[in-house]
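Working notes, beginning with the structure itself.
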Number of protein chains: 2
Amino acid sequence: MGHSQKEKDRSHERIIQEAAAKVREAGLDGVAVAELMQTVGLTHGGFYRHFESRDELVAQAVERALKDGGSAVLAVTHSEAPAAEILGRLIDAYLSEAHRDNLGTSCAVSALVSDVVRGGDRVRAPYTDQVGSYIELLAKLIAPTRNKDRRAKGIAALSSLVGALSLARAVNDPALSREILKASASELKRQLL
Amino acid sequence: MGHSQKEKDRSHERIIQEAAAKVREAGLDGVAVAELMQTVGLTHGGFYRHFESRDELVAQAVERALKDGGSAVLAVTHSEAPAAEILGRLIDAYLSEAHRDNLGTSCAVSALVSDVVRGGDRVRAPYTDQVGSYIELLAKLIAPTRNKDRRAKGIAALSSLVGALSLARAVNDPALSREILKASASELKRQLL
DNA sequence: ATTATCTATAGATCTATAGATAATGC
DNA sequence: ATTATCTATAGATCTATAGATAATGC
């Protein structure tokens, strides 16, 4: 009860981090203030000294979730390997069963698609930015040899990645889910590498 | 107040139909009993003579929404034209601005992805079935000439369609949204036709 | 003295139910 | 008489606030 400013900052950070995971698992409506604070080890009353409102927290949690995913992808990218090899690793990581199964730490562009469609500009603006940087990143990694329109290929690749991961998660049948990941990954690599 | 059985059947049908639209627009959590009944022109009290619970309605609404989309796609398919032409029309229709902008009557496989991931088996089972039939439909339309693995190509095509439509909706920027639709459609057609 | 967190609760929203009302249909 | 719908409300859940409590930090 009643601690230092440093401790408040740590509490604040833990609330956002937990909310960034929860929002990917349960959606924008799935974050409940009392439950969130309990998970962090606090009571719900203190919440409003950290955030002006639930909406404000959700907006910040979405931004954080988008950045989390972005830096995870960039981590794969930072390498001296040739672009084609990096692109292959990116596709494999994005469409892996591990990525599919760990919603809370996963790419928010996939985890939050449907939610963002129904969300306000406060969540759509950072989402749009993140989509833009993924497109640029993919376009840079795609070889310009065959067809010169790298940007179009980058867009199509992002659509495939997001669609395949989302479908693999939604589907009830483990065999079909795995098949969706495998087929989409191998088709993407066949087209781009 | 208090009418015939025929009228009850019509009320029942209108409730499901309205819920099937609302669920695509607002998600599984976005359907509120009182609001729904008001839209249909009834009061909320009568709802429980039509459905055992809200969950029961949502499950039925999702099934209906999936079938709606399925029959819309089949309508494009029923034609004497060659498979390649039908496939082209399907891609153009799915990735059209009209489809993007009319959530309530759109394909539920795209509109409900994130929601279904968080939903119970009651919604995931019919969703999985619908994904299965789309894959089969696409596989049949894909020419077996170049590469014999039509099923893998069907899966990859569905992923692209769902991902592109979802991203085009989520994004804040109209120009980027159009670009996503155009680029994904032309890449898909370049690969498959 | 200040402030981070806690306890308690008001107020709004939503699902579900009970009993009343006004039609239908044998 | 039966029943489809309506009115009224109980009960649960959730956001937000007010005031109390127990630490920090000058």
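A quick note: this is a predicted structure, and the numbers were derived from the prediction, not measured. These values consider heavy atoms only, across backbone and side chains, with no hydrogens, waters or symmetry-generated copies. Convention: sequence-line order gives letters A, B, ...; per-chain numbering from 1.
Looking at B:Arg54, its side chain does come within 3.5 Å of a backbone N or O of B:Val31 through a donor-acceptor pair. No side-chain donor-acceptor contact under 3.5 Å links B:Tyr127 to the backbone of A:Val171.
For A:Ala32, the side-chain atoms get nearest to D:dT15 when compared with the rest of D:dT15, C:dA16, C:dA4. Ranking D:dC6, C:dA4, C:dT15 by closeness to the B:Leu42 side chain, first place goes to D:dC6. Comparing atom distances between the B:Lys8 side chain and each of D:dT5, C:dA8, C:dA4 picks out D:dT5 as nearest. Distance from the side chain of A:Thr43 is smallest for C:dC6 among the nucleotides D:dA8, C:dC6, D:dA4. Taking only side-chain atoms of B:Ser53, from C-beta outward, the nucleotide of D:dA16, C:dA16, C:dA4 with the closest atom is C:dA16.
At a threshold of 4.0 angstrom between heavy atoms, the contacts of B:Val40 with the nucleic acid are absent. If you check every strand for non-hydrogen atoms under 4.0 Å, A:His50 touches sugar and phosphate atoms only.
Counting heavy atoms of neighbouring residues, nucleotides and ligands inside a 6.0 Å radius, atom CD of B:Gln38 does not exceed 12 of them.
Phosphate proximity of C:dT24 to B:Ser4: absent, as no side-chain N or O sits under 4.0 Å from OP1 or OP2. Under 4.0 angstrom from either OP1 or OP2 of C:dA16 there lies at least one side-chain N or O belonging to B:Tyr48. For A:Arg54 and D:dT15, the shortest distance from a side-chain N or O to OP1 or OP2 is below 4.0 Å. The phosphate of D:dA4 has neither OP1 nor OP2 within less than 4.0 Å of any side-chain N or O from B:Ser11.
If you take NE2 of A:His12 and P of C:dT5, they are 11 Å apart, rounded to a whole angstrom. In this structure, the CD atom of A:Gln38 is 16 Å from the P atom of C:dT5, given to the nearest Å. For A:Arg10 and D:dT24, the CZ to P distance is 12 Å, given to the nearest whole Å. C:dT24 atom P lies 14 Å from atom NZ of B:Lys6, rounded to whole Å. Between the C1' atom of D:dA4 and the CZ atom of B:Arg14 lies a distance of 14 Å, rounded to the nearest Å. At whole-Å resolution of the value, CZ in B:Arg49 and P in C:dA23 are 18 Å apart. When the P atom of D:dT15 is taken as reference, atom CG of A:Leu57 falls 10 Å away, rounded to whole Å. If you take CD of B:Glu35 and C1' of C:dC14, they are 12 Å apart, rounded to a whole angstrom.
The closest side-chain heavy-atom distance from B:Val162 to B:Val131 is not below 4.5 Å.
Inspection of the A:Arg89 and A:Ser79 side chains reveals an N or O donor paired with an N or O acceptor under 3.5 Å.
Nearer to the 5' terminus of DNA chain D, by closest-nucleotide assignment, is the contact made by B:Gly46 (compared with the other of B:Gly46 and A:Val31). Heavy-atom nearest nucleotides on DNA chain C were determined for B:Ala34 and for B:Glu7, and the one closer to the 5' end corresponds to B:Ala34.
Pair assignment for D:dT13 gives C:dA12, based on Watson-Crick or G-U wobble hydrogen-bonding distances that are each under 3.5 Å. The nucleotide C:dA4 finds its pairing partner in D:dT21, both defining distances of the Watson-Crick or G-U wobble pair being shorter than 3.5 Å.
Contact between A:Asp115 and B:Ser114 at its shortest, heavy atoms only, is OD1-CB, 3.7 Å.
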